[in-house]
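Residue numbers begin at 1 in each chain, while the letters A, B, ... track the order of the sequences.
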Amino acid sequence: MSDFELLEPGAPWGAAAGGADPLLDGLNPAQERAVTARGPALLIVAGAGSGKTRVLTHRIAQLIRDREAWPSQILAITFTNKAAAEMRERMEALLGSGVEGMWVSTFHSACVRILRRESERFGYVSGFTIYDSADSRALLKRIIKELDADSYGFTPANAGGKISRLKNELTSVDGYRATMNESDPRERLFVEIFSMYEQELRRANAFDFDDLIGQTVHLFRSHPDVAAVYQRRFRHILVDEYQDTNHAQYSLIRELTRPVEPEQIERLVPPVRDRELDASGRIPAASLTVVGDSDQSIYAFRGADIRNIVEFERDFPGAEVVKLEQNYRSTQNILSAANAVIGNNFDRQEKNLFTTAGDGAKIVGFTGYSQHDEARFVAEEIEDLHREGVAYGDIAVFYRTNSQTRALEELLIRSAIPYRVLGGTKFYERAEIKDAMAYLTSIANPFDPIAWSRMLGAPKRGIGPMAEAHLANFQEAQGISFHDAMLRAAEVPALGPKLRATVLELGGLLARAARMAAGGGATDDSAEAAAPAPVGEVLKLILDETEMIEKLRARRDPQDDARAENLEELLAVAREFDAKQPGAGLVAFLTEVSLVAAADDLDDSSGTVSLMTMHTAKGLEFKAVFITGVEEGLLPHQMSVEEVGGISEERRLMYVGITRARERLYLTLASTRATFGDVSVAMPSRFLQEIPEGLIDWRQSPGEVTSRGGTASRALNAPRGSGFGGAGSGGSGSRARDSAVSFSGGGGRGSGAAAVAEPASGNMQSALDKWRERKRLAKEAQAAGGGFPNLIGGGVRDNGELELGPGDRIRHEEYGDGRVTGVSGSGSKRIAHVVFDSVGERKLLVKLAPISKVEG
DNA sequence: CATACGTAAGTTTTT
DNA sequence: CTTACGTATG
């Protein structure tokens, strides 16, 4: 085993180096204990930013360095693939060599790996497809239609949700049938759907997401000899984010940490040596380390069970618990806010994060009139931060729901701020990408009806539902693959000569591509026994032969151009995969694509602002963080308000968001929010009131902004009563900047009119200026067609041809007049640098900014 | 069988 | 305001 080479003599450090262990250098006592503790089980309660990744990597490094374990005996479970890659990298840096054989991966990746090795044992083939939620829904749609279950209120979404929940609880069809209410016809129908769904998955040689975990557990339970292989191999199992494990994942860990009984031992290969055994003749259970923080449990909706961590000591007798409470990430102000918010959850263990980093800047609060106003503030602040020297890559914008990205993106584009949206409508969810991927999936798994059916229809080639049904019937009757069925299209009488030719041609293409992908067998026209072709080449063949890209380009919809580009991007991704993992093969590529998580897209070196949901943000950190939409109904989300424990979970989400920030934290909201057509009133989130007043510097407090969203003048005269208690309404820390005006002192709540009527406590002149400014903005917004002070006019602007050069005077709808100092970039990405008379320097995307040239 | 157009419905968070 | 789905038309 090459593992021995890890410990080269003369390595810069080592256990024998004398004096302090470099792996413990700079750790606090709790962290040190978490690294050095040995025993059957260890729970590391790691508050946000307490250095748990460091502890985890150092712990593993120590195990390997001191020869307590080979890398191949370690299984480390992380929450995302990116975290896994990072951990592996840090480990290699610590040990100064590779860590081949060590499994560092997500639950899902680890399980796929096991299933691919062992799938034959229960009737699957190694090339099985992994169905994403869309595929599952497609399958359920057919089933529900076939059973006429929609008249009972079943939809692919609700049935899929219920099945997913059951699978996370490891409940099988039979298990559910045994406990259900027999007299409820709806229940019986559901069992029918569930049962058919499982049957179809099996026929399709496919697993859904939840199966990956559940079937692995099932495999271990039904095949103790298989389980023994992994129980013996993994001597140290480490699980990160343990608070978000569900029952299936918990059970998997349980299975893996069982001792190997004597009756399994003799069959193990390579033979078990005596020193692997304990006194009772068993291979002792693996040592388990879990890291988690129950305050950061935010995945209850997908079955995460907080009890897994709360009851850890009961589950694993002899467990040691180490608490990490010192925070190395955030300033005291940020931590105080986080502690204050989470302190309102009643059912938690008392825990207080502290830091020695100092107070730092105050948290900045801002209330916009609309989400556009809010987004504008975010964009401006990002520009200011950037001017201060904060890199774009150190800034993140969080939100509760993906739909909030729209307004933010619009403003970021116009401000020429480079940004990236993580998650959301992901690349691999785009129709054209799924179309192309369907070919690859079908090649890897010719029994997959979902991929096959998608492939038939894209691009359009005259094969419709009828032809598909005939072929599918033939396939089923013959018990052959879809590909073979296509090659025998001549035996399907219902197909006309034209269709038959089309089907045969497509079948031929698939056969050719499949031979390429499989390699090995010499084909009739080439004598050499080829190695499996790179994925990129297979995909290239598909794209060329189907002319998917050309067909898109031939249309004149500009959206189709973007789709064509996406396909080219996919080809680049495939080639990159080939270069990175030569010879890994098609199935490996498909697996990787299936299991990418939203946060995996994050590229630290990209130099862009990152936009993401607060769920995606878990485990990440940024120098500056904006939490947007801090409103009742959004955060906490309306849906969660009625759920039991919903508010607590939302509060944890807020806590996770706050604790991502290292130095600067912004909390923003809007007083009105547009959904669909109309505008609804938004009230400040209850979580805002839980943050001590003195921690927040309100640039514009909720009290200053009407909840009625009329014109600006009405806004100023409207009564305050937005339902917001005293907590933030008295922003005292007004900075001398354009949008910062404090109208009232801290106790000014309840006075009928804001601003103009009560300028005494503020600065009369600035209040009046502000009022004029708002009025002007409101007028402009109305002229632009909005019924309320939507500060951005509707419609897509295109200044494409606008010629600008240094010295030109321009007028901006929002910032007023200014002078161009320079233009950079080219084409649609031309950026004008403008010094505005009112707000100073701004960078604007010429194509989209609301500007016009002023005759000079 | 494909396209074009109309209408209805729907927005929590994700591996 | 979008997206998905159904219907009428080529």
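- Going from atom CZ of A:Arg406 over to atom P of C:dC1 covers 11 Å, rounded to whole Å.
- Across all strands, A:Gln404 comes closer than 4.0 Å to no nucleic acid atom at all (heavy-atom distances).
- For A:Met466, counting side-chain heavy atoms from C-beta on, the closest listed nucleotide (B:dT15, B:dT13, B:dC1) is B:dC1.
- The side chain of A:Lys141 contributes an N or O atom lying less than 4.0 Å from OP1 or OP2 of C:dC5.
- With A:Tyr124 as the aromatic partner, A:Arg202 does not meet the cation-pi criteria of under 6.0 angstrom to the ring centre and within 45 degrees of the ring axis.
- Note: NE2 (A:His470) to C1' (B:dC1) measures 14 Å, nearest angstrom.
- Taking atom C1' on both C:dC5 and B:dT12, the two are 24 Å apart, rounded to the nearest angstrom.
- Donor-acceptor pairing under 3.5 Å, judged by distance alone, is present between the side chain of A:Arg400 and the base of B:dT12.
- Lacking a ring centre under 5.5 Å from that of the base six-membered ring together with a plane angle below 30°, A:Phe107 does not count as stacked on B:dT15.
- Using P as the reference atom, C:dA4 and B:dT13 are 15 Å apart when rounded to the nearest Å.
- Both A:Arg461 and A:Phe209 lie near DNA chain B, and the one whose nearest nucleotide falls closer to the 5' end is A:Arg461.
- In this structure, A:Leu115 atom CG and B:dT15 atom P are separated by 19 Å, rounded to whole Å.
- Proximity of A:Asn402 to the phosphate of B:dT14: a side-chain N or O atom is located under 4.0 Å from OP1 or OP2.
- Ion pairing between a basic and an acidic side chain is recognised when a charged N comes within 4.0 Å of a carboxylate O; A:Asp244 and A:Arg302 show no such pairing.
- A:Leu212 places its CG atom 19 Å from the P atom of B:dT14, with the value rounded to the nearest Å.
- Electrostatic pairing of A:Arg651 and A:Glu690 counts as a salt bridge here, judged by a charged N lying under 4.0 Å from a carboxylate O.
- Whole-Å rounding puts the A:Glu592 CD to B:dT15 C1' distance at 15 Å.
- Out of B:dT3, B:dT13, B:dT15, the shortest distance to the side chain of A:Ser133 is found at B:dT15.
- Here A:Thr616 reaches the OP1 or OP2 of B:dT14: one of its side-chain N or O atoms lies under 4.0 Å away.
- Phosphate contact (OP1/OP2 of B:dT12, side-chain N/O of A:Ser403, threshold under 4.0 Å): absent.
- No contact: A:Leu653 has no heavy atom under 4.0 Å from any strand.
- A:Arg414 has a carboxylate O that lies under 4.0 Å from a charged side-chain N of A:Glu410, or vice versa, which qualifies the two as a salt bridge.
- Checked options A:Gln371, A:Glu631, A:Glu374; the residue passing with A:Thr668 is A:Glu374 (criterion: side-chain contact (heavy atoms from CB on, under 4.5 Å)).
- If you check B:dT12, B:dT14, B:dA2 against the side chain of A:Arg302, the one that comes closest is B:dT14.
- Between A:Ile306 and A:Ser294, the shortest heavy-atom distance links the atoms CD1-O, 3.7 Å.
- In the set B:dT3, B:dT14, B:dT15, B:dT14 carries the atom at the smallest distance from any side-chain atom of A:Tyr299.
- Taking atom CZ of A:Arg137 as the reference point, atom P of B:dT14 lies 14 Å away to the nearest angstrom.
- Per the geometry, NE2 belonging to A:His372 stands 11 Å off P belonging to C:dC1, to the nearest Å.
- The side chain of A:Ala467 lies closest to B:dC1 when the candidates are B:dT12, B:dC1, B:dA2.
- Between the C1' atom of B:dT12 and the CG atom of A:Leu634 lies a distance of 9 Å, rounded to the nearest Å.
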